[in-house]
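Down below is the structure, laid out as structure tokens.
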Protein chains: 2
Amino acid sequence: MAMARYEQIAGDLRDAIVRGEYAIGAQLPSEAELADRYGAARGTIRQAVAVLVNEGLVGSRQGARRIVLGSERSQSFAELHSFAQWARSMGYRASGAVVRSDRRPCTQSEAARLSLTPGEEVLTVLRLRRLDGEPVLLERTVYAGWIAPAVERLDPSCESVTQELYDAVGLVFAYGEHLIDAVAAGSEDARLLGVRRGSPLLRQRRTTTSQEGRPVECSDDRYRAGSVAFSIRNSTSTNPLVRRTGD
Amino acid sequence: MAMARYEQIAGDLRDAIVRGEYAIGAQLPSEAELADRYGAARGTIRQAVAVLVNEGLVGSRQGARRIVLGSERSQSFAELHSFAQWARSMGYRASGAVVRSDRRPCTQSEAARLSLTPGEEVLTVLRLRRLDGEPVLLERTVYAGWIAPAVERLDPSCESVTQELYDAVGLVFAYGEHLIDAVAAGSEDARLLGVRRGSPLLRQRRTTTSQEGRPVECSDDRYRAGSVAFSIRNSTSTNPLVRRTGD
DNA sequence: TGGTCTGGCTTGTTTGTACAAGTTCGCTTA
DNA sequence: TAAGCGAACTTGTACAAACAAGCCAGACCA
């Protein structure tokens with residue numbers, strides 16, 4: 001179907017790596033050899049391999065054969081932004097429920113993060129998410145006013161907000177910024193997540209943007225310690241992750 | 001000097017974005033226009049812009065003009081792996097001291113993560129890192145045996161291990177894998193970081209690999225809550241960050 | 001034996017061309 | 001007025017060619 005040639009080749013090579021056909025530390029075939037094997041131009045092969053380099057599966061330096069760095073397949077953007085889609089891909093059953101939902105004028109900082117004019121109305125939603133029935137994640141989300149009606153029409157116990165918003169109004173979450181740190185559980189956090197007050201939580205503050213670059217929501221997500229970890233691969237040529245001083 | 005043309009152009013565009021010449025949400029010039037302005041082929045321009053897209057500064061979709069998503073400059077790989085280099089770039093003064101250092105045979109899991117044969121000797125080092133004098137980070141690092149001698153020769157209070165190892169034996173950290181979650185401070189953590197036992201810490205478990213794909217070290221780093229956060233930008237076309245179930 | 005050097009291999013950079021596919025916006029039409 | 005259409009524009013994919021730059025191993029020399 002409509003998959004690009006270089007994506008097919010990248011997928012093929014990724015599969016071979018995951019299958020163990022190329023062991024960790026082993027060399028990948030040269031571009032010339034791959035171009036020959038797949039009947040594609042060298043540029044196309046380079047594009048395919050670049051995908052794997054970007055995923056951190058393969059290391060590359062000028063002059064030397066490319067080497068396999070890892071074999072774990074990394075997941076897609078969607079699976080980072082959508083709790084439900086991620087859970088499904090891991091074989092878990094996700095459920096969720098709205099605890100509280102509220103309209104109010106936005107604060108100064110929310111206005112900045114969602115590019116709104118201060119005082120514009122926003123929708124705040126508190127959602128508790130479960131994995132196989134266990135409470136795992138507490139989401140405090142602030143939606144921009146223009147998307148609020150669509151969010152309010154959603155089923156309070158709907159599994160995937162991302163999916164539902166796409167089906168309902170064709171909204172696609174395309175870009176995101178994330179800030180990850182650790183905090184102590186407040187009393188509400190503790191009660192809803194079933195942990196003791198003051199126990200460690202993994203916090204992810206994120207802002208999500210539509211395809212067109214329009215901010216849609218920002219959120220403060222708190223994971224129960226031990227339930228979830230974030231994983232990153234990087235190299236000298238890619239720098240996805242950055243350390244920052246806490247606010 | 002030896003900087004590639006596309007890197008120069010990427011830098012130029014990044015500067016313009018950081019300077020605010022292109023506001024957030026604004027459109028970037030088309031490839032044709034940029035090619036004209038810089039006197040480069042379209043392919044070269046595409047390569048330059050791809051850098052910015054990868055950094056999360058610019059969003060791109062077929063058919064539509066590229067848009068500016070953010071203006072914060074993200075830092076380099078080195079600044080993620082080297083506490084000292086990161087601190088310096090932020091204008092802080094980093095210091096550090098070795099609390100404990102020890103040789104012992106490696107465990108099963110260490111053997112797997114460092115591709116060693118079980119029982120091979122490793123060097124474990126416990127380091128306390130400070131930012132402007134404040135204890136901020138506790139590093140429990142396991143070095144592969146082949147690099148241990150060079151590590152032991154280092155000054156116990158040396159500022160940047162990464163830098164020193166490069167100067168001493170030409171070792172370059174090139175690839176890394178990171179797992180981030182939250183844990184409660186143990187009694188040793190609490191004592192050294194100056195926090196209460198059980199208080200939240202941000203934990204980063206990492207494995208670092210040399211240019212040649214040879215694992216060098218793995219580490220369990222614990223940050224005092226509130227001192228440091230990790231920041232990631234991603235999009236549908238790049239997926240640097242992945243959520244995982246806790247071990 | 002040990003170091004150096006060179007030639008072939010491999011990846012990196014750049015240009016050029018052609019076509020495919022998606023977006024945008026103005027114009028037409030019902 | 002609103003839906004629909006289409007043309008111009010813009011990004012995505014693919015191929016081809018040439019040279020630059022770094023790596024590696026085997027040959028060579030001291």
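Numbered from 1 within each chain, the chains take letters A, B, ... in sequence-line order. Remember, it's a predicted structure, so these values are computed and weren't measured experimentally.
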Quiz item: Picking from C:dT15, C:dT23, C:dT11, which would you name as closest to the side chain of A:Q62?
Solution: C:dT11
Quiz prompt | Heavy-atom check, side chain of A:V58 versus side chain of A:L69, under 4.5 Å | solution = no
Quiz prompt | Between P of C:dG12 and CD of B:Q211, the distance in whole Å | solution = 12 Å
Exercise. May I have the distance from A:Q27 (atom CD) to C:dT10 (atom P), rounded to whole angstrom?
Key: 9 Å
Quiz item: Does a side-chain N or O from B:R66 land closer than 4.0 Å to OP1 or OP2 of C:dT23, or not?
Solution: no
Quiz item: Going 5' to 3' along DNA chain D, which nucleotides are the first and last within contact of chain A (any atom under 4.0 Å from a heavy atom)?
Solution: D:dT13 to D:dC24
Quiz prompt | Nearest-nucleotide 5' precedence on DNA chain C, A:E212 against B:I45 | solution = B:I45
Exercise. Between B:E33 and A:Q47, name the one whose nearest nucleotide on DNA chain D is closer to the 5' end.
Key: B:E33
Practice problem: Look at all strands and tell whether B:A40 reaches a base, only sugar-phosphate, or nothing, counting heavy atoms closer than 4.0 Å. | Solution: sugar-phosphate
Quiz item: Could you state the interatomic distance from CZ (B:R127) to SG (B:C158), rounded to the nearest 0.5 Å?
Solution: 6.5 Å
Quiz item: Under a 4.5 Å cut-off applied to non-hydrogen side-chain atoms, are A:R103 and A:E152 in contact?
Solution: yes
Practice problem: Test B:R206 against B:E217 for salt bridge (charged side-chain N to carboxylate O under 4.0 Å, His left out), laying out the working first. | Solution: CA-CA 8 Å; B:R206 62 168 209 268; B:E217 46 145 48; 3.1 Å; yes
Quiz item: Rounding to a whole Å, what distance do you find between A:E31:CD and C:dT11:P?
Solution: 5 Å
Quiz item: Between C:dG12 and A:R46, is there an OP1 or OP2 to side-chain N/O distance shorter than 4.0 Å?
Solution: yes
Quiz item: What is the distance, rounded to the nearest whole Å, between atom CD1 of A:I67 and atom P of C:dT11?
Solution: 12 Å
Exercise. Kindly say whether A:M3 contributes a backbone atom to a donor-acceptor pair with the side chain of A:Q8 at under 3.5 angstrom?
Key: yes
Practice problem: Please state whether the phosphate of C:dT13, meaning OP1 or OP2, lies under 4.0 angstrom from any side-chain nitrogen or oxygen of A:R42. | Solution: no
Self-check item: For atom CG of A:D36 and atom C1' of C:dT10, their distance in whole Å
Solution: 15 Å
Quiz item: Roughly, in whole Å, what's the span from CD in B:E7 to C1' in C:dT14?
Solution: 13 Å
Practice problem: Indicate yes or no for a side-chain donor-acceptor contact from A:R46 to the backbone of A:A41 under 3.5 Å, with no hydrogens or angles considered. | Solution: no
Quiz item: With sequence neighbours left out, what residues match B:E21 under salt bridge (charged side-chain N to carboxylate O under 4.0 Å, His left out)?
Solution: B:R19
